[in-house]
Amino acid sequence: MKPEMKPESAVSRFSGPSLEPINPKLLLPPPRLWFITVTLLVALLIDLFPLSEAVTPWRPEIVALTLLYWCTWAPRLVGVSIGFVLGLVMDVANGSALGQHAFAYTLLAFGADYFRRRVVSFPMWQQMVFVALLLEICAVVVFLLRMMSGGALSGAAYFIVPLISAALWPALQSLLQWQQQRAAQAER
Amino acid sequence: MIPGEPPPFLYRGPSILARFVFFALLSLLLLFIDTRYQNLEKLRIGIATALYPLQQLARWPHTAVQEIGVYFTDKETLEKQNTALSLQLLDQGRQMQETQTIKQENEQLRALLELRSQTSRSAHTVEMLYDTRDPFVQKITVDKGLMQDIREGSAVLDANGVIGQVTHVSLLTAEVTLLIEKNHTTPVQIERTGMRSVLYGMGVGTPMELRFISPATDVRVGDRLVTSGLGEVYPAGLAVATVVAIDNNTEQSFAHITANPVAGVVSSRHLLVVDAQAPTPTPEAAPEPPPKEKTGRSKAVGNRRTP
C-alpha cells in the first residue's frame with residue numbers, strides 16, 4: 001500500500017485538536033436508505049460475478065468493504081444485524097459453512113462501529129491501514145474457526161485478500177460518497 | 001457531530017455490544033450446527049432461492065460473452081469439431097452395442113444365479129456454472145437442482161470419470177464437492193487386481209492418497225482405480241484415478257500411495273449427475289465389506305452429508 005498523505009491532512013495531524021479544521025465529509029447530508037440498499041446490492045452482484053478459477057482466490061471482498069463503509073458513515077442504518085444477514089447470504093453464495101461469513105461480517109460491523117469516531121478523522125492512508133487490519137483480523141478469526149471445524153485452506157491468497165481489499169478503499173469511498181456529494185451540491 | 005447520529009437521549013434498543021454478542025453467538029451456533037450435523041438445508045435452500053435472481057443477473061455478462069463467442073466461431077472449426085464428434089459417436093455406438101449384449105447376458109446370468117438384479121440409475125446432464133469462492137472447500141455449482149430432481153449424495157461424472165459428489169441442493173442449482181476436497185473419501189478398487197480401499201482427497205494441488213493398503217499388496221504405478229460400488233454412492237466400475245507414486249516405507253504398516261484423478265476435476269464444463277442408490281440391500285445379499293474398509297466408510301458417510 002502506498003501511503004498517500006494530503007498536505008491539509010498532514011497539517012491537521014500536527015496542529016492541536018481544537019484548531020483542527022472540520023473534515024468536509026462530516027458536513028455532508030446523511031446518506032439515503034435507497035442509496036445504501038442499492039450499493040449493497042451492487043456490491044453483492046460484483047461478488048457473485050463469476051471469474052476464472054485462477055483469479056477467484058485473489059478477489060477483493062467488495063461486500064465486506066461496502067458494509068465497512070456504511071457501518072462507519074451510516075451507523076444508525078447499517079450495523080451488526082445487516083452484517084449478519086449479508087454474511088448469511090454470502091455463506092450460501094460461496095458454498096461456505098453457514099455462519100462463517102455471518103460471523104466475520106458481524107465482527108467487521110462491530111469493529112467499524114466501535115472505531116468509527118476515530119476513523120472518520122484519519123487521513124486516507126491511516127484509514128487504509130485500519131481497513132486492512134480489521135479485514136485481516138476477521139480473516140484470521142474465520143480461519144481459526146474453520147480449522148477447528150475440520151477445514152483445509154487451499155492457499156495463502158486468503159490472507160492477502162484483505163490487503164487487496166484495503167487498496168480499493170479510497171476508490172470505493174469516493175464512489176459511495178456520490179449520492180451525498182450530489183445532495184450537498186443541490187443544497188448549495 | 002457525525003451526520004446520521006442521533007443525540008444521546010434518542011438512543012433506543014440494545015447497545016451495539018449486546019447486539020454484537022447476540023449475532024456473533026448466533027453465527028457461531030449456526031457454524032457449529034452446519035459443520036457438525038448438516039441439517040440446516042432448509043435455511044440454505046431458502047436463502048439460495050432468494051439469491052437466485054441476483055446470481056442469474058451477475059452471470060448474465062458471462063453468458064452473453066459465451067453466446068457471442070459461439071456465434072462467431074468460424075466454419076472450419078465447427079466442421080472439424082463435427083467430424084471429430086461423428087467419429088466419436090460411431091466408436092461409442094459400437095461400444096454401446098457391445099455393452100447392450102453384455103448387459104443382457106449379465107441379466108440372464110444373474111437371473112440364473114438368482115441374484116438381485118442391478119437397477120440402472122437415472123442420470124441428468126448438467127452444466128457447470130462457476131467455482132464457489134470459499135477458500136476452505138473445493139466445490140463447483142451446477143445449473144440444476146431440486147426442481148430437476150437432483151438429489152443430495154448423487155455422484156457427478158464427466159466423460160472420463162468421477163469428479164465428485166452433490167453435497168447441497170437448492171431449487172435450481174446444486175453444489176458439487178470435488179474428489180480432491182480434503183478428507184473427501186471415495187470407495188475404490190484397483191481395476192487390475194480388484195483390491196478394495198478408500199481414496200482420500202488431499203486438497204487442491206496435492207495428489208490424492210490411497211490408504212489402508214499394506215506394503216505387500218500388488219500395486220503398480222499406472223494402475224487405474226475404479227469405484228468399488230461400496231458405500232452405495234457411486235455405481236461400481238467408474239474410473240476415478242491413476243496411481244502415480246508408491247512409497248513402500250517398511251516402517252509404516254500401510255504403503256503410501258498417491259493417485260491423480262482421471263477426470264478433469266477442475267476443468268470440465270458438462271457433467272453427468274447419477275442418482276445415489278436409495279434402496280438398502282437385504283442382509284443376505286449384502287456383500288460383507290472387509291474390516292479395513294469400515295473406518296474409511298464410516299468417515300465417508302459423515303462426509304457425504306446424507307442421513
Side-chain angles (χ1 to χ4, degrees), chain A residues 26-31 41 44-53 56-57 59 73-77 79-81 83-84 87-89 91-104 106-107 109-110 113-114 116-117 120 143 145-146 149-155 157-158 161 180, chain B residues 1-6 16-17 19-24 26-36 38 40 43-48 50-51 54-55 57-59 61-62 129-141 167-168 170 175 177 181-183 201-205 266-267:
Chain A
L26 299 183
L27 295 176
L28 291 176
L41 281 179
L44 200 57
L45 266 185
I46 296 173
D47 269 359
L48 289 178
F49 186 78
L51 288 177
S52 70
E53 66 243 29
T56 303
R59 296 177 70 168
W73 291 96
R76 211 160 54 128
L77 298 173
V80 171
S81 44
F84 176 76
L88 273 190
V89 170
D91 279 335
V92 173
N94 290 354
S96 325
L98 274 184
Q100 179 183 320
H101 284 82
F103 185 80
T106 308
L107 186 61
F110 177 69
D113 193 272
Y114 191 79
R116 69 169 197 278
R117 288 185 191 81
V120 291
F143 169 74
L145 280 175
R146 279 316 304 260
S149 55
L153 193 62
S154 59
Y158 177 71
V161 165
Q180 285 164 275
Chain B
M1 182 177 289
I2 295 162
E5 178 130 337
I16 176 85
L17 185 67
R19 272 182 294 158
F20 166 67
V21 169
F22 173 74
F23 282 112
L26 189 59
S27 37
L28 285 182
L29 185 70
L30 281 178
L31 194 62
F32 177 72
I33 295 174
D34 196 39
T35 49
R36 211 36 85 79
Q38 286 113 23
L40 292 170
L43 179 62
R44 203 182 267 275
I45 289 172
I47 299 173
L51 199 62
L54 263 182
Q55 262 169 337
L57 194 61
R59 256 171 41 74
H62 196 73
L129 293 180
Y130 46 82
D131 281 350
T132 53
R133 265 185 72 184
D134 192 63
F136 299 103
V137 286
Q138 272 68 55
K139 279 184 184 173
I140 55 171
T141 305
T167 44
H168 289 302
S170 41
E175 281 171 25
T177 302
E181 158 84 11
K182 180 141 191 183
N183 289 332
M202 302 301 291
V204 170
V266 287
S267 60

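- For A:Ala157, the side-chain contact (heavy atoms from CB on, under 4.5 Å) partners are A:Pro57, A:Trp58, not counting sequence neighbours.
- Separating the OH atom in A:Tyr114 from the CZ atom in A:Arg117 is a distance of 10.5 Å, to the nearest 0.5 Å.
- In this structure the side chain of A:Leu88 never reaches within 4.5 angstrom of the side chain of A:His101, judged on heavy atoms.
- When heavy atoms are compared at a cutoff of 4.5 Å, A:Leu77 does not approach chain B at all.
- Partners of B:Leu57 under the side-chain contact (heavy atoms from CB on, under 4.5 Å) rule, at least two apart in sequence or in another chain, are A:Leu45.
- Among A:Leu98, A:Val92, A:Asp47, the residue making the largest number of heavy-atom pairs under 4.5 Å with chain B is A:Leu98.
- Comparing A:Ala97, A:Gly79, A:Ala109 by heavy-atom pairs within less than 4.5 Å of chain B, the highest count is held by A:Ala97.
- Aromatic ring pairs are classed by plane angle as parallel below 30°, tilted from 30° to 60° and perpendicular above 60°; the pair A:Phe110 and B:Phe20 is parallel.
- The candidate with the highest count of non-hydrogen atom pairs below 4.5 Å against chain A, out of B:Leu40, B:Leu31, B:Leu26, is B:Leu31.
- If you measure heavy-atom distances from A:Phe49 to chain B, the contacts under 4.5 Å come from both the backbone and the side chain.
- If you measure heavy-atom distances from B:Leu17 to chain A, the contacts under 4.5 Å come from both the backbone and the side chain.
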Go through the steps to decide whether B:Leu43 and B:Asp34 satisfy the test side-chain contact (heavy atoms from CB on, under 4.5 Å), and finish with yes or no.
CA-CA 11 Å; B:Leu43 179 62; B:Asp34 196 39; over 6 Å; no
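- Heavy-atom distances place the side chain of A:Tyr158, and not its backbone, under 4.5 Å from chain B.
- Both the backbone and the side chain of A:Phe143 have a heavy atom closer than 4.5 Å to some heavy atom of chain B.
- The most heavy-atom pairs under 4.5 Å with chain B, out of A:Gly99, A:Gly83, A:Gly87, come from A:Gly99.
- With chain A as the partner, the residue from B:Ile45, B:Leu29, B:Leu51, B:Ile33 showing the most heavy-atom pairs under 4.5 Å is B:Leu51.
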Quick one: do A:Leu145 and A:Gln100 satisfy side-chain contact (heavy atoms from CB on, under 4.5 Å)? Show the steps, please.
CA-CA 8 Å; A:Leu145 280 175; A:Gln100 179 183 320; over 6 Å; no
Please test B:Thr177 against B:Glu181 for side-chain contact (heavy atoms from CB on, under 4.5 Å), starting from the C-alpha separation and ending with a verdict.
CA-CA 7 Å; B:Thr177 302; B:Glu181 158 84 11; 3.7 Å; yes
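- Residue contact with chain A, scored on non-hydrogen atoms closer than 4.5 Å, involves the side chain of B:Glu175 exclusively.
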